[in-house]
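For reference, the structure discussed in these notes is given below.
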Number of protein chains: 2
Amino acid sequence: MSGARKAEIGDKMVKRYPLYLRVLREMAAQGETYASGAVVAKALELDPIVVRKDLSKTGVRGKPRVGFPMTEIIASIERYLGWNAATEAVLAGAGRLGSALLGYPGFQHQGFKIVAAFDANPKKRGKIAGIPVYPSAQIAEIVRTLNVSLGILTVPADQAQAVADAMMAGGIRGIWNFTPVQLSVPADVIVKREDLAASLAVLSHRLRHGEHPK
Amino acid sequence: MSGARKAEIGDKMVKRYPLYLRVLREMAAQGETYASGAVVAKALELDPIVVRKDLSKTGVRGKPRVGFPMTEIIASIERYLGWNAATEAVLAGAGRLGSALLGYPGFQHQGFKIVAAFDANPKKRGKIAGIPVYPSAQIAEIVRTLNVSLGILTVPADQAQAVADAMMAGGIRGIWNFTPVQLSVPADVIVKREDLAASLAVLSHRLRHGEHPK
DNA sequence: TAGATTGTTAATCGATTAACAATC
DNA sequence: TAGATTGTTAATCGATTAACAATC
């Protein structure tokens with residue numbers, strides 16, 4: 001997060017930052033001005049060494065016996081995650097799951113804002129949770145006009161590839177894929193799959209084969 | 001998956017099995033009787049070595065030049081994931097996200113069945129997607145009666161711990177937690193967090209800091 | 001047979017954990 | 001000062017990748 005070239009930060013680490021942010025913001029709201037790695041680790045049931053290392057990666061210097069200065073550490077993580085300025089996204093597929101995401105209040109604290117939605121069904125036109133819903137035929141055009149680079153895919157499986165193609169035609173560079181479809185995209189487009197089946201498999205595996213080793 | 005004691009299978013590997021299953025089932029539906037790791041790897045854009053290793057972990061022997069016998073390999077993975085007999089679950093919080101999960105058709109192919117739902121709001125009583133919705137006050141009682149060991153948590157954050165406690169009082173041993181709350185549970189209860197903020201962080205990190213290294 | 005694919009062992013890589021000096 | 005906590009280097013661990021013999 002400082003200027004200089006630093007070691008790549010892995011996915012595992014990136015995933016922990018939102019957790020830290022939640023705890024840190026809560027502590028800040030309670031008037032704390034410093035946060036020690038030990039306290040954060042306890043709140044999240046993580047190993048203190050992991051937390052200390054992650055926090056030190058931000059470039060913010062902590063004081064022994066005291067911890068990290070709250071304002072700085074929060075700002076640094078927010079900046080790193082890009083949560084200081086909201087990333088705009090569009091969503092295609094305003095079905096049950098899509099509507100749930102459109103109405104999810106948490107995104108506003110996560111530097112994330114859905115600015116438009118699309119659905120093939122004319123009955124879905126209008127606004128859902130204050131977000132305008134357009135015909136799917138206009139995806140490429142509207143994405144381009146709004147200059148959005150992130151798309152959320154919550155359409156039925158058989159439309160997934162076609163809708164993804166339309167998004168990319170409009171300039172989308174990252175797709176948050178909630179469908180079970182293996183999307184075919186060019187190398188410079190990033191797809192993040194939200195795989196409920198995989199999560200479920202991990203949970204049920206732990207449930208039946210005993211707790212995970214560590 | 002064979003009887004003998006074998007090396008622990010890590011989360012990463014467990015997460016890939018549902019992917020394999022999807023591809024294998026599709027191939028089987030098209031009449032294929034053997035599946036080679038190479039073909040599966042290509043379909044999922046995975047390294048063939050990973051696939052070969054994962055598939056060999058099932059205990060099913062493949063034939064060089066041909067691949068793994070379709071029926072056996074599918075049955076073995078299904079058995080390992082516990083998808084041969086449906087795991088029953090209850091869901092608490094029939095809001096937008098909860099309703100989306102109640103109506104999600106994919107679960108039936110994933111050895112998973114939601115048999116009851118709960119909501120604090122009396123207006124939600126009745127049935128959603130064919131699943132009965134009961135008052136939250138009856139969670140412990142009904143969970144115990146149905147003898148279900150897995151609970152899905154899609155309630156508002158401020159009710160998460162109380163509802164989880166009620167589930168556990170009824171005998172729930174695994175919780176699929178869709179809330180951002182850090183649940184406090186005894187060591188023998190397994191919590192799997194579905195963390196949208198973390199996924200989003202990974203996606204936006206890759207989008208802004210360049211593609212992931214590998 | 002020739003060659004693609006499996007099965008397995010070894011090498012590499014990255015992340016986690018341990019250890020400990022520095023510091024407030 | 002004493003002691004908790006940071007910062008950093010080393011050790012361990014697990015997963016991925018590479019290499020290659022076995023086999024149909």
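Bear in mind that the values here come from a model prediction, so they are computed numbers and not experimental data. Throughout, protein chains are lettered first and strands after them, A, B, ... in sequence-line order, and every chain is numbered starting at 1.
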Donor-acceptor pair, side chain of [X] and main chain of [Y], under 3.5 angstrom:
X	Y	value
B/S36	B/G67	no
A/R144	A/I139	no
A/R206	B/I190	no

A/H205/B/Y17 aromatic ring centres below 6.0 Å: no
Tell me whether the count of non-hydrogen atoms from other residues, nucleotides or ligands lying under 6.0 Å of CZ in B/R25 goes above 12.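 Yes, the 6.0 Å shell around CZ holds more than 12 heavy atoms from other groups.
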Within 6.0 Å of CD in A/E26, more than 12 heavy atoms from elsewhere: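 No, CD of A/E26 has 12 or fewer neighbouring heavy atoms, counting only those of other groups under 6.0 Å.
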Could you give the [atom1]-to-[atom2] distance, from [X] to [N], as a whole number of Å?
X	N	atom1	atom2	answer
A/M13	C/dT17	CE	C1'	13 Å
B/I49	C/dT12	CD1	P	14 Å
B/K57	C/dG7	NZ	P	13 Å
B/D54	C/dT8	CG	P	14 Å
A/I73	D/dG7	CD1	C1'	13 Å
A/D11	C/dC13	CG	P	19 Å
A/K15	C/dA15	NZ	C1'	14 Å

A/V51: which of A/L44, A/V39, A/V40 passes side chain to side chain contact (heavy atoms under 4.5 Å, CB included): A/V40
What verdict does the side chain to side chain donor-acceptor pair (under 3.5 Å) test give for B/Q182 and A/R22, after you've listed the backbone C-alpha separation in whole Å, the side-chain angles of each residue and the deciding distance to 0.1 Å? CA-CA 10 Å; B/Q182 178 75 24; A/R22 189 176 302 119; over 6 Å; no
Ignoring hydrogens and angles, does a donor from either the side chain of B/K53 or the base of C/dT9 sit under 3.5 Å from an acceptor on the other?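 Side chain to base: pair present.
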Distances under 3.5 Å between protein N/O atoms and the N/O atoms of nucleotides 3-6 of chain C, please, pair by pair.
from, atom 1, to, atom 2, distance (Å)
C/dG3, N2, B/R65, NE, 3.3
C/dA4, O4', B/R65, NH1, 3.0
C/dT5, O4', B/R65, N, 3.2
C/dT6, OP1, B/G37, N, 2.8
C/dT6, O3', B/G62, O, 3.3

Dot-bracket for DNA chain C, 5' to 3', with Watson-Crick and G-U pairs under 3.5 Å, [ ] for crossing pairs and | for other-strand pairs: what is it? ..||||||||||||||||||||||
Just wondering, do A/W176 and B/L196 contact through their side chains at under 4.5 Å, heavy atoms? yes
